[in-house]
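Letters A, B, ... are given to chains in the order of the sequence lines, protein chains preceding strands, and every chain is numbered from 1. Worth saying up front: this structure is predicted, and the values here are computed from it rather than measured.
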Amino acid sequence: MTVQTKAKGKIIVVDGNEAAAKGVALARPDVVAVYPITPQSSLVEALSAMIATGELDAELMNVEGEHSVLSALQGAALAGARTYTATSGPGLAFMFEPYIRQPGLRLPMVASLVTRDTLTPQCVWGGHQDAMLVRECGWIHMYCETVQEILDTVIMGYKVAEHPEIMLPVNVNHDGNYLSFGVTSCELPDQAMVDDFLGPKSINWHAALDPERPMSVDPLTGNAGGAGPSMFVRYRKGQTDAMARSLQVICDVHADWAKRTGRAHAPLVEEYRLDDAEIALVTLGSMTGAAKDCCDALRDAGKRVGIIKVKTYRPFPVQAMARALSKVKAVGVVDRSVSYGWNSGPMHHDVLAAMAKSGFVKPCVSFIGGLAGADMTQSHFERAFDIVAKGDVPPGPIWMNEKD
Amino acid sequence: MSAYNSLTYNASLCIGCGECMMACAKAKTGSADDLSQSRIKIVVAEEGKYEAALCRQCGDAKCVMNCPSGALTKNQANGLIDWNADTCVNCLLCTVGCVYGGITFEASVGHVAKCDTCGGDPACVKVCKSGALGYVTTAAIYNDYGKEEDLFAPGLAACQGCNSELMIRHVLRKVGKNVVVAAPPGCIPGMGTVGYNGKAGAKVPIFHPLLTNTASMLAGLKRTYERQGREVTALALAGDGGASDVGFQSLSGAAERGERILFICFDNEGYMNTGMQASSATSFGSWTSTTPVGDKLQGKRTDAKNMPMVMMMHNAAYVATASSVYMEDFYEKLDKALEASKKGFAYLHLYAPCPSGWRFPAGLTIDICRLMVESNFVTLWDYEPDRGLVFTHPTDKPKPLESYLKAIGKYRHLAQEQVDRIKKLLEDRLAMLKRFAR
Amino acid sequence: MQDCTYLIVGSSHAGLTALDAIRMIDPEAPLIMATREDHLPYSPTVLPYVVSGRSIPKKVALRDEDYFKRQNVAFLRNAELKSLDVAASTARFEGGANVRYEKLLLATGAQPSIPPIPGLKDAFFHVLRTMDDALNLKSAMGSAKSALVLGAGLIGTHAAENMAEAGVKVTIVEAKGQVLPGYFDKDASALIETAFRKHGIALEFGRSVKEIKQGRAVLEDGAELPFDLLLIATGVRPQLSFLDGTGVKTANGIMVDEMQRTSAANVWAAGDCAEARMFQAQGTGVAGILPIAVEQGRIAGQAMVGDHGVKAFPGSVLLNTYSFFGQQAISVGIGEVADGETCLRIDEAAGTYLKIVLKDGKLMGVASVNNPIDPGILWQLILRRTDLSEVKDRFLADPKAVGRMLMSRLWR
Ligand SMILES: Cc1cc2nc3c(=O)[nH]c(=O)nc-3n(C[C@H](O)[C@H](O)[C@H](O)COP(=O)(O)OP(=O)(O)OC[C@H]3O[C@@H](n4cnc5c(N)ncnc54)[C@H](O)[C@@H]3O)c2cc1C
């Protein structure tokens, strides 16, 4: 992909957590609520520091747990605030109760999931299991591959979330350890450009707790009979419709960002060396880097392989995925989490379903790797390509780090 | 319309001494000789028992409606039914309208006569030794707040005799419209305050937070308004479950951070909205649907968490306990709490006996509230960090605890040792509180 | 066309009480009160006192302009209801104004009924029902030396007293054998008649007028009674021509049920224009008295506004108070009943009278002259059918004290 840089920003050297913090600051949130948790802590520390120095003018709420973090931010949003927080693994689990409520309230926000594997076994390292557990809650999920993409996507996330046709919360996910602590240089966009890109805030025009616009927010709705059932369906359908509409908005926002910064991140699905590929691996998050390196090496060796990177995981970009898959004969899906009930990785079902929905079926192998901070190296991906190339699909998943 | 001071008569206390009639006759005619001149008429009911007839100064007085000459009017300023000698035509139709014998024809003066409360200082009450006659002034509260808009919709679906509905209406009358109300799951939204299926139950912004996050949600909201430079009251109307059980973490956190919130806990000792399950606020020995009574278990096995005390230990800007029987006290505390909530966290703990869940007749709610305080089952006090704790309704000679426990169905099964344990607990708690008092 | 939620026609006791009851619950909905009068609301009952000069017109208003403003009521004067279209919920007033209502109360009271006496049509005579009537009578009284009053009911006796006090020589002709028939028995009436005769009023009982000629009345027996002033007080009846063609059921008055509803949807009636059940008699009747107008007006208002506290009209109990020459007479309920028990105490010298009628231990009626009782309490005892057996002797001895005791125990 050719990158044409339009506006050169300042180059900074940061890790993923700091990049996220920088992105957040550029988006000028009104209220930031924090509760530390590994591997997210350095992110909220960076934000706290920026607020302490005045670099970021926001209300900092140091609350007593993730449950209150998101609760406070919901109250803030209902009073009109642009809000931000970040969490990981067990923190997300504790946040779950207000978390599942946020999309129903149609309160836009960006929250970073610095992904971490879930307990138990007790662990504090990266993995997508936490984010995967909340994939059906109505939040938009975008996964980042690089530090730059984290910074850019946090900002783009607000634009998507607050789009009047969408009004949904966005999780911008980056991998604990690999991205959170991986230091690289990246470009810091110009504040004026970001201000112009995001435009004026409009958070609670639809639902507010404001004495100047008194209304009941979230009265009991539903039950059999009366206006209840149809009203409940209207709310639910409104949410799923907005999810569906967001695919186009995500594309538009990425295009706008590319125009302004010259950085064209693939909005939904990135096709890497796919055009004449026979087989491909579907990847998510930071593993894509190693997968691409592996792909390049195999290409050098004359193998027709490619990578399909998923950026937007919820809503699942069925058409974009089908278009990519149509180009290959067989595919492997690499998950950094498990689906207990299906004995495979969760994204594996998404890919299978996307094919079924698009009217074709191709051999599709499930790979599970990188759990609890395990490495996913070129050689892991090489092996994966080999298995896919053989053409048979084992009944269970291939555990990539089983023998590491 | 206003509420006014009024004369009260308690037949069970009257000894028939006739002093009131003498005082009245004297006040009205200058002489106590002719008792028929008295506007209060004490009559013998049976040996040693008395009854009284006197003007009730009715709100929609039939005597006024029946007067063809405009001589009788309801005085809006003091509530009295005024009689105008100048325009009265002596037709006596007022005496047909009055079902209380409150306005009567007095042959000796040739016209009708009625009580005028001696201009607010009734002579009869002053001489009543038995305490049968009283002159009550509690309606002052109504005059202060009755004209304020009731900001909840009429027809909320609370149970008959619900203390909480009564009190939330009072609260909002005082707090007014510049407020955001959070009513976590429980009786308060259950009765429809937040609304059902698109219909609102309040005229102010109101929200249905989670049972768990009332205080933190309000904290975020309040901080945002502060950031915007707007002063908006953040008000929680929570039950004891949403305060002392699952809601406790966020409540404690908000109190520790000194969030500018007014948090009112309506303590009905459990989950009364969903079928009377026990909470940590349920008192020892109580029957509830999750602390049943049988051969093995005899009601709740632990004491109620002492929430107001716990909140005091957070050093909140204001903490108070209140009861709907002492409304002046309640309004005073509400005032202080509102003021304090501009600077820090204010917590009001309101005792809210529940006829449905505690098993007592709906008509007795206020009596139970009173007995609760008078038996020292609960203690009314308030606390400010700089000033310490002050008892606002000390009960030095408490009524027997048994009179309270016996009035309520959920304690019906209590064995003597359970009663003794409650007694001991109450004594200990009172002693502990006293150590905080200045 | 004017629209309103509530239209009340008539601005006297029934209408005003209904208005208050409506505004108690619904302070805002558009409400029109229309009267054909040019005056602020007043009571017909006060008119004898206007005639006597005890009251003056500007002091007898039952409500002032400010009241209507406060209650958010459009008060239309000189608005006589002419016809109704109950299907279209529209009322047409004199002069052509139309009002469309959601709920209508007819509280138009009653008018004097004029007997078909030959010659009366062409004679100049007075009646007493409106303020203008009272003012006319008052001024005529000044120049009259003699007056003839037809009818010894409340209106006739009141007016006769007023005129006698003003120095006019008054004769009352009454077809029945006593004053105030229907309220008092002969014994009580005798006490009242004594006072009348003492004040120079001639009472001609059991006689009736055959013809009116210029300045004199010819009686059945041919006797002639000259007069300067003639007052017709032979009774009242509702004037209901505005209901013509509406199909609304009427008898002597507009038929109403126990919620004061008429036979037409969204139309209520109360007071002297309404015919409702009787409490102590079979069937229905127009009570024609002020306290019942108030009762009915209140029920109608509550029913119209949907006040849950509304209680059905129990039926009219006939009752009245009557002051004459500084004396008082009161009657509550009925004076005679089959299988009843009557306690009668008359002291002719003192001019006092008390009659108590009981049946099966329950109070049926009390009548008194110069013997103060509490009519409001006695009315309640009748309505509640309170069993007095246990206190009967005490009650008969002192109905006032025992009535008060029962009140304090039963409905305090
Ligand atoms: C002289 C006199 C003495 C009385 N004394 C007593 C007494 O001592 N005790 C007692 O109980 N009762 C007495 N009454 C009767 C008592 O006044 C009535 O029962 C009472 O006033 C009935 O009230 P009401 O509202 O039904 O009708 P009314 O008082 O008759 O009022 C009817 C109103 O409707 C208006 N109206 C009528 N037709 C129309 C129309 N078509 N359009 C618009 N407006 C209309 C009238 O102008 C009037 O304002 C007396 C009546 C009179 C006349």
Per-residue contact mode, [X] against chain C (heavy atom under 4.5 angstrom):
X: B:Y9; value: both
X: B:A45; value: both
X: B:N84; value: neither
X: B:C91; value: both
X: B:A11; value: both
X: B:C94; value: neither

As an exercise: rank [options] by heavy-atom pairs under 4.5 Å with chain B and give me the winner.
options: C:Y49, C:Y42, C:Y322; answer: C:Y49
options: C:P372, C:S408, C:S43; answer: C:S408
options: C:V60, C:I289, C:T45, C:V294; answer: C:V294

Quick one: does [X]'s side chain get under 4.5 Å of [Y]'s, heavy atoms only?
X: C:D20; Y: B:D60; value: no
X: C:R54; Y: B:N90; value: no
X: B:P68; Y: C:H13; value: yes
X: C:E295; Y: B:M65; value: no
X: C:S55; Y: B:V89; value: yes
X: C:P291; Y: B:L93; value: yes

Can you name the nearest heavy-atom pair linking [X] to [Y], along with the distance?
X: C:M405; Y: B:V44; answer: CG-O, 4.0 Å
X: B:V99; Y: C:Q380; answer: CG1-CG, 3.5 Å
X: B:A52; Y: C:M407; answer: O-CE, 3.6 Å
X: B:S69; Y: C:V46; answer: CB-CG2, 3.6 Å
X: B:N66; Y: C:L290; answer: O-CD2, 3.4 Å
X: B:Y100; Y: C:I377; answer: C-CD1, 3.9 Å

Has [X] got more than 12 heavy atoms of other residues, nucleotides or ligands less than 6.0 Å from its [atom1]?
X: B:E46; atom1: CD; value: yes
X: B:K74; atom1: NZ; value: yes
X: B:Q160; atom1: CD; value: no
X: C:K392; atom1: NZ; value: no
X: B:K203; atom1: NZ; value: yes

For [X], which atoms come within 4.5 Å of any heavy atom of chain B: side chain, backbone, both, or neither?
X: C:R394; answer: side chain
X: C:I373; answer: neither
X: C:R409; answer: both
X: C:L319; answer: side chain

Just verifying a value: how many Å separate [X] [atom1] and [Y] [atom2], rounded to the nearest 0.5 Å?
X: B:L92; Y: C:N320; atom1: CG; atom2: CG; result: 10.0 Å
X: C:S323; Y: B:F105; atom1: OG; atom2: CZ; result: 7.5 Å
X: C:R70; Y: B:Q76; atom1: CZ; atom2: CD; result: 7.0 Å
X: C:R404; Y: B:T104; atom1: CZ; atom2: OG1; result: 5.5 Å

Which one, B:A107, B:G110, B:C98, leads in non-hydrogen pairs under 4.5 Å with chain C?
->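 Maximum pair count with chain C is reached by B:C98.
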
